[in-house]
Amino acid sequence: MSLTLDTYRLLGRSGLRVSPLALGAATFGTEWGWGAEQAEARKLFDLYVERGGNFIDTASTYTHGSSERLLGEFTRDNRESLVLATKYSTLRRPGDPNSGGSHRKSLFASVESSLRQLNTDYIDLLYLHMWDATTPVEEILRGMDDLVRQGKVLYVAISNAPAWQVSRMQAVADLRGWSPLVALQIEYSLIERAGERDLIPMAREMGLGVAPWSPLAGGVLTGKYSRDDLLAAKGVASGDGTRKSVTIAKGALTERNLAIVDVVKEVATELGRTAAQVGLAWTLRNPDVTAPTIGARTPAQLEDNLGALEVDFTASQLARLDEVSAIELGFPHDMLASDVARTLIHGGLKVETRR
């Protein structure tokens, strides 16, 4: 079914309505070497909002704060109609150990900084950006709840954390009467499907809307890289300031991934679409996904990405995409899904199980 940016969806267990594609603002600003200048970033923002988009994603440290500052300027006239999501826990001041991490001091200082940079008195959605494996979950949840009670944050969420910790946090929040997590950010795409093992099923059970980042795998699924790039990858410096170097440093250029891209291109040709639209549309069709985050750098790229909302697959095309990108779920998932296990549990009865 064809979607539009104003085909709003509920975010997790909340009543908050968001667009099916979030606009990622990590490209707002050029401090990282590959973003959009202010005028170009404004065009991206205006194009997204004019199409009915309302869900914008940033973080306290994106482009060293320029992302939030630019959004603060762009949202002066329509702040209330937008859902601004930002994140805390990445280091804000090199050399200051308490300017990063998940703890209460980092949390409150980062939120105050984000409020100033975003030129607003509240944040719609606050993510814990990266799990620090140090801070007690009760400290995190109580701090988040305090900010919600103060009105500085409306909803809380989490990104880049183990499934067992997220589910534990949700249980603690429910038992204590603290603000529950309503969203989960994970890397998820045709190339990165590890979230299907535990994170996505956990989000479904715990009432978290999934908002994937890097749904195009750092641009690999756009088809712009070839096997020549794979051969040359070892000679590219990881810190040369380009998106390509970041993609290579992450290990996203592999023979397996390029084989996936080959099928994506085939399907795109059959549909008269671009490879990027096919990659995004595959992520969108997962019923557990609320809103993938797109990180366009130019209006042309954003226009192309938005075309993913109109893509419909045939059953055969979906089967080919799923097959070429399939992963092993591993233990205990594969074992419990086996015929032997099902027979031991259910005998010969045909019993419907949850996804």
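A quick note: this is a predicted structure, and the numbers were derived from the prediction, not measured.
Between the side chain of T134 and the backbone N or O of D132, at least one donor-acceptor pair lies under 3.5 Å. The main-chain N or O of V289 is found under 3.5 Å from a side-chain atom of R9 such that the two form a donor-acceptor pair. Using a distance-only test at 3.5 Å, with no hydrogens or angles considered, no donor-acceptor pair links the side chain of S89 to the main chain of L128. Proximity of a side-chain donor or acceptor of R256 to a complementary backbone N or O of S325 within less than 3.5 Å is detected. Remark: the backbone N or O of A296 is paired with a side-chain donor or acceptor of T27 at under 3.5 angstrom.
To the nearest 0.5 Å, the span separating CG on L271 from OG1 on T314 amounts to 7.0 Å.
Counting heavy-atom neighbours within 6.0 Å of E138 CD, excluding the residue itself, gives a total above 12.
Applying the salt bridge (charged side-chain N to carboxylate O under 4.0 Å, His left out) rule to R13 yields the partners D174; only residues at least two apart in sequence or on another chain are considered.
Considering all non-hydrogen atoms of both residues, K43 and P299 come closest at CB-CG, 3.9 Å. Listed here is the closest heavy atom pair of S106 and G101: OG-O, 2.8 Å. When all heavy atoms of A275 and G223 are compared, the pair lying nearest together is CB-N, 4.4 Å. Closest of all the heavy-atom pairs between S67 and T58 is OG-OG1, 2.7 Å.
Salt-bridge formation is detected for the pair D146/R104: a Lys NZ or Arg NE/NH1/NH2 atom is positioned less than 4.0 Å from an Asp or Glu carboxylate oxygen. By the 4.0 Å N-to-carboxylate-O rule, E139 lies too far from K105 to be salt-bridged with it. Using a 4.0 Å cut-off between charged side-chain N and carboxylate O, E73 and R42 make no salt bridge.
Under the side-chain contact (heavy atoms from CB on, under 4.5 Å) test applied with R79, the options L71, L84, D121 reduce to a single match, L84. Just one of S114, S110, S113 meets the side-chain contact (heavy atoms from CB on, under 4.5 Å) condition when paired with Y88; it is S110.
The hydrophobic cluster containing W164, built from Ile/Leu/Val/Met/Phe/Trp/Tyr side-chain heavy atoms closer than 4.5 Å, comprises no other residue.
For the pair L126 and T86, the minimum side-chain heavy-atom distance is below 4.5 Å.
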**Item:** Stepwise salt bridge (Lys or Arg N to Asp or Glu O under 4.0 Å) test for E68 and R116
**Value:** CA-CA 9 Å; E68 286 189 336; R116 290 192 298 270; over 6 Å; no

